[in-house]
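Just so it is clear: chains get the letters A, B, ... in the order the sequence lines come, proteins before strands, and each one is counted from 1. Fair warning: this is a prediction, and the values are worked out from it, not measured in the lab. Hydrogens, waters and symmetry mates are skipped; everything else that's a heavy atom, side chains included, is used.
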Protein chains: 2
Amino acid sequence: MTTTVRATRRDATANRAALLDAAREALRRDPAASLETIAAQAGLSRRALYGHFASREDLVAELVTSAAERIGAIVSTVDDPDPRRAIAMLGAAMWDEIEHIRALAQVAVRGPHRESVARALAPVRSRLRRSVDRGRAAGLVREDMPALRVAGLVEGAAIAVLDEATSSGLSAHEGRRLVMLATLGAAGLSWTEADAIVEGLR
Amino acid sequence: MTTTVRATRRDATANRAALLDAAREALRRDPAASLETIAAQAGLSRRALYGHFASREDLVAELVTSAAERIGAIVSTVDDPDPRRAIAMLGAAMWDEIEHIRALAQVAVRGPHRESVARALAPVRSRLRRSVDRGRAAGLVREDMPALRVAGLVEGAAIAVLDEATSSGLSAHEGRRLVMLATLGAAGLSWTEADAIVEGLR
DNA sequence: ACGATCGTGCACAGCATTGTGCAAGAACAG
DNA sequence: CTGTTCTTGCACAATGCTGTGCACGATCGT
């Protein structure tokens, strides 16, 4: 007897994607959102969710790993000989992934995902770290604190803008600009210098 | 028959304070920490907690209002004719309340306390807003975005440092300095300018 | 059109948490 | 010391969420 293998149904894959989208949105607002809430927002029943994900853990894990892949991809596209431009571009690239990053940040608050989220952001961190080092060597980035702390401030500034953006609706263009200005400010540039860098990237 | 009213027992008031401290710490790590966890960390049983607070809501509400009072108090002590110095001092004052503010920020993520937290931080916001306005009028603070957005960035920078500080242990002195530098950076000052301001406050 | 795949609605067990009642003992104020 | 206040431990109900089983109907691939 030959077992006939069919392709997955189109609506099924669409529903799976809808569930992931719904989870991203719901978990961004409330990291403890129930599966009922998520499924409803995706237009499905809670029971159907279990047809796609074995457990809540499974769902969240897939969100984290998919975000990790996207973030890893953006990092590889960003580079510039001028470390200041590199920092700004890194911020702008993060802006394009804001939905995913915000979801990550919310999920990270609670228990078992802290590590995987940290791993997901590791490539961004290391590249940022390199840009900061290069910037300091060239006298372009602040030297009044350890380099690692500068990188932390830059990262924090980016997250702060991403937060602001989600609460007070920012246009995509304004958001990009703001992230770049904020990260450069954290790196020690004056606002006029930061503006010049951002303008040069236009 | 005369009802004799006794003073509250010393250990009771101490335990009440211990519960609030424990709640602050526990909720900072996990906004959904159980009362069991909180009570245990305070060295009490969950049942005893209900002797001090009628409900979970009650406990959190008291945390929020007490933090609001402390924060209101610090705001009234901070002022300086130089808006840049005022911003830095505001940041430093927040550093002294870091434990309370961090707890607030965590609690604020979830549902019904968003408003009360916003009210608690309102005085800080308005004073910051004034300093930014004065700074812009004097050409000392960035003018490449609306004043309200500058204030948001400054606030975000402060929170970012407070976050960094709790994760990677910072000394009280380093923390104060870092908050001031980060807020001034968000306000548009270069790192050398920021250092000069902070040095002048020494 | 046929059959496999998918979604639905319900029922059910398990688990964690909140909030309350009560009896007995420990710690304290006066 | 005495009596009040506080804490403990247990039992209990109520609630909400997770995860699973099953029958039926809808939808899709071929």
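Checking D:dT18, C:dG19, C:dG7 against the side-chain heavy atoms of A:L35 singles out D:dT18 as nearest. Out of D:dG19, C:dC28, D:dT27, the shortest distance to the side chain of B:D11 is found at C:dC28.
Sequence order on DNA chain C of the closest nucleotides to B:T8 and A:G43 puts A:G43 first from the 5' end.
Taking the side chain as every heavy atom from C-beta outward, B:R136 and B:V150 approach each other to under 4.5 Å. Residues B:D96 and B:R176 have side chains in contact (heavy-atom distance under 4.5 Å, counting atoms from C-beta outward).
For residues 17-26 of chain B, proximity to DNA chain C is found at no residue, defined as any non-hydrogen atom under 4.0 angstrom from a strand atom. Listed by residue number, the members of residues 44-52 of chain B with any heavy atom below 4.0 angstrom from DNA chain D are B:L44, B:S45, B:R47, B:A48, B:H52.
What you find for B:L140 and B:P83 is that their closest heavy atoms are CD1-CG, 4.3 Å. Here the closest non-hydrogen pair linking B:L148 and B:R129 is CD1-NH1, 3.5 Å. A:V78 and A:R127 make their closest contact through O-NH1, 2.9 Å (heavy atoms, listed as atom of the first residue, atom of the second, distance).
Taking only side-chain nitrogens and oxygens, B:N15 never comes nearer than 4.0 Å to OP1 or OP2 of D:dC6. Within the 4.0 Å cut-off from OP1 or OP2 of C:dA29, at least one side-chain nitrogen or oxygen of B:R10 is found.
Distance B:F53 CZ to C:dT20 C1': 18 Å, rounded to the nearest Å. In this structure, CZ of B:R56 is placed 19 Å from P of D:dT15, rounded to the nearest angstrom. In this entry the distance linking CZ of A:R16 with P of D:dT27 reads 22 Å, nearest Å. In this structure, A:D58 places its CG atom 10 Å from P of D:dT20, rounding to the nearest Å. The nearest whole Å value for the distance from the CG atom in A:L59 to the P atom in D:dC17 is 16 Å. Here C:dG19 presents its C1' atom at 13 Å from CD of B:E36, a figure rounded to the nearest Å.
Not one N or O on the side chain of A:R142 forms a donor-acceptor pair closer than 3.5 Å with the backbone of A:A147. Within the 3.5 Å criterion, the main-chain N or O of B:A151 finds no donor-acceptor partner in the side chain of B:R125. For the pair A:E97 (side chain) and A:M94 (backbone), a donor-acceptor distance under 3.5 Å is absent. A donor-acceptor pair under 3.5 Å is absent between the side-chain atoms of B:T37 and the main chain of B:A33, judged by distance alone.
Looking at A:R6, its side chain comes within 3.5 Å of the base of D:dG29 through a donor and an acceptor atom.
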